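Just so it is clear, the values below take in all heavy atoms, side chains as well, and ignore hydrogens, waters and symmetry mates. All chains are named by letter (A, B, ...) in the order of the sequence lines, taking the proteins before the strands, and each is independently numbered beginning at 1. Please read these numbers as outputs of a predicted model, since none were measured by experiment.
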Number of protein chains: 2
Amino acid sequence: MKVLVEKGTKKKRQTIVILQVGSLMNFVQGKTVANQVDEILLERIRDETYSPGSRMPSESELSDELGVSRATVRTALAKLAANGLILRKQGDGTYVNARARDASAFLGNLWDLVELIEGNGFKPSIRFLSIERRPATEKEAFALALEPSEDLIALRRLFYADQQAVILADNVIPSSLLREPFESIDGSLHIRDIFQKYFHQKIAFAITDIRSAVIGEEACTYLGGESDRAILKLQVALYGKNNLPLALGTNIFDDSVLRLSLVQAWS
Amino acid sequence: MKVLVEKGTKKKRQTIVILQVGSLMNFVQGKTVANQVDEILLERIRDETYSPGSRMPSESELSDELGVSRATVRTALAKLAANGLILRKQGDGTYVNARARDASAFLGNLWDLVELIEGNGFKPSIRFLSIERRPATEKEAFALALEPSEDLIALRRLFYADQQAVILADNVIPSSLLREPFESIDGSLHIRDIFQKYFHQKIAFAITDIRSAVIGEEACTYLGGESDRAILKLQVALYGKNNLPLALGTNIFDDSVLRLSLVQAWS
DNA sequence: CAGTGGTCTAGACCACCTA
DNA sequence: AGGTGGTCTAGACCACTGC
């Protein structure tokens, strides 16, 4: 019935940018137009096409140049602003935040240890320490909405920043969720991929508790250093789309090496 | 030239809701339509009009009922989803997240101690301990982009959750930003109001470093408890719209009383 | 007063789920 | 097949800023 939006008659298409027309891009790239715009702008900020502290082109200019609607430009800009990378001033303009680099972690990605390590400028790697099946403790059963002493898969892993051990991560997952042979599990994968591959589940949201603690002897054998020093303990609960508890995690985080820093911005 | 959008002919206006027409509401309420929708939905979730775990009305139904466009409904829903209060499933529907209450802090509000205490279900109050002027240390001068040993205003305050002392907060602000008499400063106000009232500045963004530490003797005299226990240290830098550093803060956070928990959700 | 970001509308098409 | 959320467009009006 309805025809696809007519495009291609823009004047100023002055960049290398290639955006697909209409909603076709969902097929071609698997990326939304807004995300493509976001990436383009992010790159321009990083390579200082838009230099730190300077004023960026206006929304209308960007929408003309990139051949997308202003609304689309705005969703991309909103994401950048939420992460503190740009500052927007009504009646004035949009400015590149020169302090963007000061932050290691963006809004609430506390559960994604790989991203956290990357955000600190290190190369992350994961060492798979152990995996076992054991009955759930009472607390675990409650938090995971299981019957008492139902079977769990307990995974222990060590995260490295470059060559240095920085996070000791313990995870427990209900055995009942497993969809592939127990023996096939590769514990050195990203937690998101582990859930995808062996449990056929997607992580929908996470609740992270941040606590301080003394490191203790056991964790110290992995992370080194003084056995009475204070560390951060990130206690994570992961949930699936259907609100099903997927896993619990306890991450011992050595904040003498890694910074945990967050940006918050307001509109 | 153009006429205000015609409204008022909706059929299903079945609720108590009163929304202003067009953009007039900006004058009347100081709230955007999207925020009003957000508040309405939030209230319905809290009072269990939409009960935990149940499916909410579709976007179209809400937009019909409330008399706003679907886009507006979507921005409100997006905010709720980002805070983990609802779960959205394409091709299915929007569900109330029964685990919403498990979180005390929402995305990155780490700098707002009053909100943090409220999020834990306590009544917050602020006790003003001391205020003084002193030259900046080298580190402080650097972080605040000042000349070495320029004058600072140093503020020390103690935050209570109900009757219990939970956070010791030290803040330093460049004296040069002060716009009102030094003597008039009321240190028991919310930090946002202090900036508004005495410095004529608005906080645009914050960068928070989360570290663990041993509490030490001094803080212990305020917060009580064992003097060798681990606590959280939130180091905050506040910036204004023009990217000007406004203040530094060091918040000693007793996590044996207060939880610091964050929700993260994905679309 | 012109230009910028902020908000809202109305309508279109898509991908996905459930039945 | 029908409905739901996900994305995008085009156009309008507002509030604020700086000249």
**Student:** Select one nucleotide: of D/dT9, C/dA10, D/dT7, the one nearest the side-chain heavy atoms of B/Ser69.
**Tutor:**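 Of D/dT9, C/dA10, D/dT7, C/dA10 is nearest to the side chain of B/Ser69.
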**Student:** Report the residue (A/Lys89 or A/Ala34) whose heavy-atom-nearest nucleotide on DNA chain D is the more 5′ of the two.
**Tutor:**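 Per heavy-atom nearest nucleotide, the more 5' residue is A/Ala34.
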**Student:** Between B/Arg88 and D/dG6, is there a side-chain N or O to OP1/OP2 distance below 4.0 Å?
**Tutor:**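 Yes, such a contact exists.
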**Student:** Just checking A/Thr75: base, sugar-phosphate only, or nothing, at a heavy-atom cut-off of under 4.0 Å?
**Tutor:**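 Nothing, no heavy atom under 4.0 Å.
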**Student:** When the distance from CZ of B/Arg70 to P of D/dG5 is rounded to whole Å, what number comes out?
**Tutor:**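 It is 8 Å, rounded to the nearest whole Å.
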**Student:** Considering only side-chain heavy atoms of B/Ala71, which listed nucleotide, C/dT9, C/dG6, D/dT9, is closest?
**Tutor:**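 Ranking C/dT9, C/dG6, D/dT9 by closest atom to the B/Ala71 side chain puts C/dT9 first.
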**Student:** Which whole-number value in Å describes the distance from A/Asn35 CG to C/dA15 P?
**Tutor:**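 Those two atoms, CG and P, are 16 Å apart.
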**Student:** Rounded to whole angstroms, how far apart are CG on A/Asp64 and C1' on C/dG3?
**Tutor:**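 Whole-Å distance recorded here is 14 Å.
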**Student:** Tell me, please, which residues at least two apart from B/Glu43 pass side chain to side chain contact (heavy atoms under 4.5 Å, CB included).
**Tutor:**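 Once residues adjacent in sequence are excluded, the partners of B/Glu43 under the side chain to side chain contact (heavy atoms under 4.5 Å, CB included) criterion are B/Asp47.
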**Student:** Rounded to the nearest Å, what distance is computed from the CG atom of residue B/Leu87 to the P atom of nucleotide D/dT4?
**Tutor:**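 Answer to the nearest Å: 18 Å.
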**Student:** With respect to the phosphate group of C/dT9, does any side-chain polar atom (N or O) of B/Thr72 fall under 4.0 Å of OP1 or OP2?
**Tutor:**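 Answer yes for this pair, as a side-chain N or O of B/Thr72 is under 4.0 Å from OP1 or OP2.
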**Student:** Using salt bridge (Lys or Arg N to Asp or Glu O under 4.0 Å) as the criterion, list what pairs up with B/Asp186, not counting sequence neighbours.
**Tutor:**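 Counting only residues at least two positions away or on another chain, B/Asp186 forms no salt bridge (Lys or Arg N to Asp or Glu O under 4.0 Å).
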**Student:** Identify, with sequence neighbours excluded, every residue that meets salt bridge (Lys or Arg N to Asp or Glu O under 4.0 Å) alongside A/Glu150.
**Tutor:**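 Not a single residue meets the salt bridge (Lys or Arg N to Asp or Glu O under 4.0 Å) criterion with A/Glu150.
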**Student:** Under the salt bridge (charged side-chain N to carboxylate O under 4.0 Å, His left out) definition, can you give me all pairs with a residue in residues 198-208 of chain B, not counting sequence neighbours?
**Tutor:**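 Qualifying pairs, neighbours excluded: none.
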**Student:** Tabulated below should be each protein N or O lying under 3.5 Å from an N or O of nucleotides 1-3 of chain D; please produce it.
**Tutor:**
| unit_1 | atom_1 | unit_2 | atom_2 | d |
| --- | --- | --- | --- | --- |
| D/dG3 | N2 | B/Gly91 | O | 3.1 |

**Student:** So, using side chain to side chain contact (heavy atoms under 4.5 Å, CB included) as the criterion, who are the partners of B/Lys197 when residues are at least two apart?
**Tutor:**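 Listed in chain order: B/Leu189.
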**Student:** Atom CD of A/Glu59 and atom C1' of D/dT9: how far apart are they, to the nearest Å?
**Tutor:**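 Roughly 15 Å, once rounded to whole Å.
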**Student:** D/dA10 P sits how many Å from A/Leu66 CG, rounded?
**Tutor:**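 Answer to the nearest Å: 14 Å.
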**Student:** Does C/dG6 have its OP1 or OP2 closer than 4.0 Å to a side-chain nitrogen or oxygen of A/Arg74?
**Tutor:**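 A/Arg74 to C/dG6 OP1/OP2: side-chain N or O found under 4.0 Å.
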**Student:** Return the minimal non-hydrogen interatomic distance between B/Phe205 and A/Asn97, and the atom names on each side.
**Tutor:**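 Closest heavy-atom pair between B/Phe205 and A/Asn97: CZ-ND2, 3.1 Å.
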**Student:** Could you check if a side-chain atom of A/Leu41 sits within less than 4.5 angstrom of a side-chain atom of A/Leu85, using non-hydrogen atoms only?
**Tutor:**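 Not in contact.
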